[in-house]
Protein chains: 2
Amino acid sequence: MAITIKDVAKMAKVAPSTVSRVIANNPRISEKTKQKVREAMEQLGYHPNFIARSLASQSTRAIGLIMPSSTDVVFQNPFFPTVLRGLSEGAHERHYALHMTTGKTDDEIYEGVIQMVQGGRVDGVILLYSKVEDKVLAFLKERDFPFVVIGKPFSDEEEITYVDNNNFRAAKEVTEYLIKLGHKQIAFVGGNLNLTVTVERLLGYEKALRDAGIELVNEYIVHEEFLKEGGQEAVRGLISLNKPPTALVVADDLMALGVLNTLDELGIKVPEDVSIISFNNVMLAEMSRPPLTSVDINIFDLGFESARSLIYRIENPREPVKRIIIPHKIVKRCSCSSPLTEEPKIVT
Amino acid sequence: MAITIKDVAKMAKVAPSTVSRVIANNPRISEKTKQKVREAMEQLGYHPNFIARSLASQSTRAIGLIMPSSTDVVFQNPFFPTVLRGLSEGAHERHYALHMTTGKTDDEIYEGVIQMVQGGRVDGVILLYSKVEDKVLAFLKERDFPFVVIGKPFSDEEEITYVDNNNFRAAKEVTEYLIKLGHKQIAFVGGNLNLTVTVERLLGYEKALRDAGIELVNEYIVHEEFLKEGGQEAVRGLISLNKPPTALVVADDLMALGVLNTLDELGIKVPEDVSIISFNNVMLAEMSRPPLTSVDINIFDLGFESARSLIYRIENPREPVKRIIIPHKIVKRCSCSSPLTEEPKIVT
DNA sequence: AAAGAAAATCAAATCGGTTTTGATTATAAT
DNA sequence: ATTATAATCAAAACCGATTTGATTTTCTTT
């Protein structure tokens with residue numbers, strides 16, 4: 001078996017409790033004994049047992065990550081690694097580790113969260129999604145367990161700490177941008193309507209149109225999965241309309257890429273025939289042909305700030321809930337121009 | 001405080017040890033008492049404390065993930081999320097969780113591993129990389145702690161369980177493919193030479209040339225980082241040679257994309273002027289213009305099998321080490337053709 | 001030098017389980 | 001009826017730390 005605190009105590013001729021105090025650098029121990037104990041630790045190659053420490057101190061210095069059920073979708077979207085990097089960095093900063101379990105179905109995930117939380121494996125959790133009527137969120141709230149949501153919670157907004165972009169505003173801005181370019185037939189390609197991010201972006205899109213006095217067309221609003229395939233599906237429907245749109249607001253870069261591909265196959269040119277603007281600004285956006293105009297939502301910061309605020313909440317349980325809005329920025333590339341009625345030109 | 005095994009014992013009028021046995025479904029307990037205890041657990045909403053259980057049973061059912069130090073590079077490459085998905089699925093299958101810590105420098109990572117291992121936070125670890133003279137690997141071996149390497153270990157191959165592709169062979173095959181197309185000036189764009197994967201692929205490339213009686217040219221071999229930028233750097237050098245290569249073996253799709261970009265800027269056509277073949281076959285390979293011919297290395301399986309064999313090793317400590325080779329396959333797309341001396345045509 | 005205050009250290013209880021040991025009861029064999 | 005055997009459960013020890021309350025040592029002060 002490994003070296004324990006008792007071995008160290010014996011070697012330094014002190015009580016185990018004293019060794020524990022030395023580890024915690026408690027001022028109640030004199031410098032002299034501290035020195036003595038540290039030498040013993042050094043000589044024995046002692047490393048404290050995290051599990052035992054967790055049990056005694058009721059804290060694990062680990063934070064749990066909860067993914068949405070459609071794991072394969074999440075993992076495929078470049079959003080995920082970036083937010084994970086942010087999380088990881090934010091956690092590492094305060095010496096916290098990340099703990100992950102996954103599951104195929106919603107029930108498996110729920111079960112995993114229960115085990116993780118009730119089992120005391122983590123000090124807090126981060127929800128990497130926000131959707132309507134989430135059992136997991138309800139459980140965490142009910143249990144009053146520290147957690148942070150990435151994205152805007154669907155309800156009880158004031159009682160939940162979350163980190164999000166202002167997606168409503170961002171969507172409104174991009175739609176206004178298209179309107180300013182002269183577009184009137186603007187479609188919206190969103191993801192699953194159960195996700196609040198989709199709802200927010202849709203609302204922003206609608207608001208912009210309404211403000212500009214442009215009528216909303218039902219057929220112009222479609223919802224697919226946040227994947228390339230989703231974008232492909234969406235386009236086929238839109239293009240076959242009597243009066244196809246001249247511009248598309250697409251809720252995710254990966255979808256936009258699918259859109260781009262399909263349009264290419266159909267011989268429709270971007271941005272000459274159709275303008276496209278999308279969200280997230282992942283690396284792909286820069287590399288597509290044409291490069292996509294996209295809203296940079298600072299994915300890394302989304303993760304980084306989530307980790308930070310969760311840890312803050314863990315260490316200050318009585319602090320009030322917080323809401324953190326990460327800024328966004330439209331990155332203009334080459335996928336948007338004025339519609340054909342005017343002189344087609346690339347806007348930069 | 002939460003409900004403990006004692007509360008359950010009291011309610012079911014049995015000893016705590018009996019409850020523990022019921023949890024473990026020990027045959028020494030009669031069905032009748034089991035039923036009684038289970039009812040009590042149900043009523044109280046009991047969930048076992050993982051930490052206490054870990055401490056007593058000396059097992060955590062968690063496996064640690066060790067990333068290379070250049071975290072940002074790893075996280076950017078689409079290789080990572082895919083292998084993580086495989087790991088996650090392989091772990092979940094046997095009800096193991098994943099545990100991650102990251103660090104900026106090599107020393108931080110090493111320190112993290114020590115804490116994780118000595119602190120008993122995980123039952124085993126997976127190294128997501130394989131490089132020369134790795135302190136972490138040396139420590140794990142010395143300590144005789146269960147671990148699995150993704151990639152071929154640089155030394156002591158027979159004493160280490162690892163999961164890898166046959167990168168030597170894959171590289172040889174792609175090079176032979178290019179040779180068969182008529183290429184003679186074939187360059188190799190690899191990653192960091194400290195990584196065994198680079199070495200293996202380079203050796204395969206060299207072997208193919210040697211077998212075909214083609215002289216190796218030093219200037220044709222360059223090494224950059226596994227990123228888009230790496231590919232861009234590489235190309236500039238190669239193109240400025242007196243006798244630039246007509247075909248490129250690129251060790252990573254992301255690099256190949258950088259290569260593609262730069263060639264495009266320079267007005268050099270792929271595959272007409274230069275053929276490109278790369279490794280990994282991530283989603284990007286399919287979406288680039290032209291779509292890349294790439295070696296599919298089954299990244300998901302790499303992760304999945306790693307998790308599986310680590311768990312097997314944890315649960316059967318006396319079993320001998322294993323070597324698992326994941327098959328690969330060349331996926332032919334549009335980035336390779338015969339060189340200009342012959343009729344340029346796309347090979348499918 | 002004696003008494004009291006302050007500082008340093010120690011022993012024991014605790015965290016929430018698992019596992020071993022031993023006692024008790026029920027069943028089978030002689 | 002008596003003993004051997006098996007089945008069942010209770011009690012205690014343990015995993016490796018933290019933390020509380022008691023005790024010893026050292027330092028002031030009169």
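Order of the sequence lines fixes the chain letters, A, B, ..., with proteins taken first and strands second; residue numbering starts at 1 for each chain. Side chains are part of it too, since the values below use all heavy atoms of this structure and drop only hydrogens, waters and symmetry mates.
- dT25(C) atom P lies 15 Å from atom NZ of K32(B), rounded to whole Å.
- Partners of R318(B) under the side chain to side chain contact (heavy atoms under 4.5 Å, CB included) rule, at least two apart in sequence or in another chain, do not exist in this structure.
- Partners of E305(B) according to the side chain to side chain contact (heavy atoms under 4.5 Å, CB included) rule, which considers only residues two or more places apart in sequence or in another chain, are V163(B), R308(B), I324(B), I326(B).
- No donor-acceptor distance shorter than 3.5 angstrom exists from the side chain of E157(A) to the backbone of F154(A), with no hydrogens or angles considered.
- The distance between atom CD1 of I5(B) and atom P of dC14(D), rounded to the nearest whole Å, is 19 Å.
- The listed nucleotides are dG17(C), dA17(D), dT18(C); the one nearest the side chain of S57(B) is dT18(C).
- Interface residues of residues 43-55 of chain B facing DNA chain D, ordered by number: L55(B); criterion, heavy-atom separation under 4.0 Å.
- Screening residues 92-137 of chain A for ring-ring contact (aromatic ring centres under 6.0 Å, His included), with sequence neighbours left out, gives no hits.
- Here dA17(D) presents its P atom at 10 Å from CD of Q58(B), a figure rounded to the nearest Å.
- Partners of F300(A) by ring pair (Phe, Tyr, Trp, His ring centres under 6.0 Å), not counting sequence neighbours, listed by chain and number: F304(A).
- Checked against side chain to side chain contact (heavy atoms under 4.5 Å, CB included), E159(B) has the following partners two or more places apart in sequence or in another chain: K141(B), D156(B).
- Partners of T82(B) under the side-chain hydrogen bond (donor to acceptor under 3.5 Å, both in side chains) rule, at least two apart in sequence or in another chain, do not exist in this structure.
- To the nearest angstrom, P of dG16(D) lies 17 Å from CE of M41(A).
- Atom CZ in R61(A) sits roughly 17 Å away from atom P in dA17(D) (whole-Å rounding).
- More than 12 heavy atoms of other residues, nucleotides or ligands shown are found within 6.0 angstrom of CD on E158(A).
- Residues forming a ring pair (Phe, Tyr, Trp, His ring centres under 6.0 Å) with F145(B) (at least two apart in sequence, or on another chain): none.
- Contacts of residues 14-31 of chain B with DNA chain C (heavy atom under 4.0 Å): S17(B), S20(B), R21(B), R28(B).
- Rounded to 10 degrees, the angle separating the terminal axes of the helix from dA1(C)-dT30(D) to dT30(C)-dA1(D) is 50°, with each axis obtained from five end pairs.
- Among the protein residues, K13(B) comes within range of the sugar-phosphate backbone only, with heavy atoms under 4.0 Å from sugar or phosphate atoms but none that close to a base.
- Straight-line distance from the NZ atom of K10(A) to the C1' atom of dC10(C): 16 Å, rounded to whole Å.
- Between the CZ atom of R121(A) and the P atom of dG16(C) there is a distance of 17 Å, rounded to whole Å.
- Residues passing the side chain to side chain contact (heavy atoms under 4.5 Å, CB included) test with K6(A) are T4(A), P16(A), sequence neighbours excluded.
- For T33(A) and dT9(C), the shortest distance from a side-chain N or O to OP1 or OP2 is below 4.0 Å.
- For the ring pair (Phe, Tyr, Trp, His ring centres under 6.0 Å) test, residues two or more places apart in sequence or in another chain that qualify with F80(B) are F75(B).
- Here the C1' atom of nucleotide dG16(C) and the CD atom of Q118(A) are 14 Å apart, to the nearest Å.
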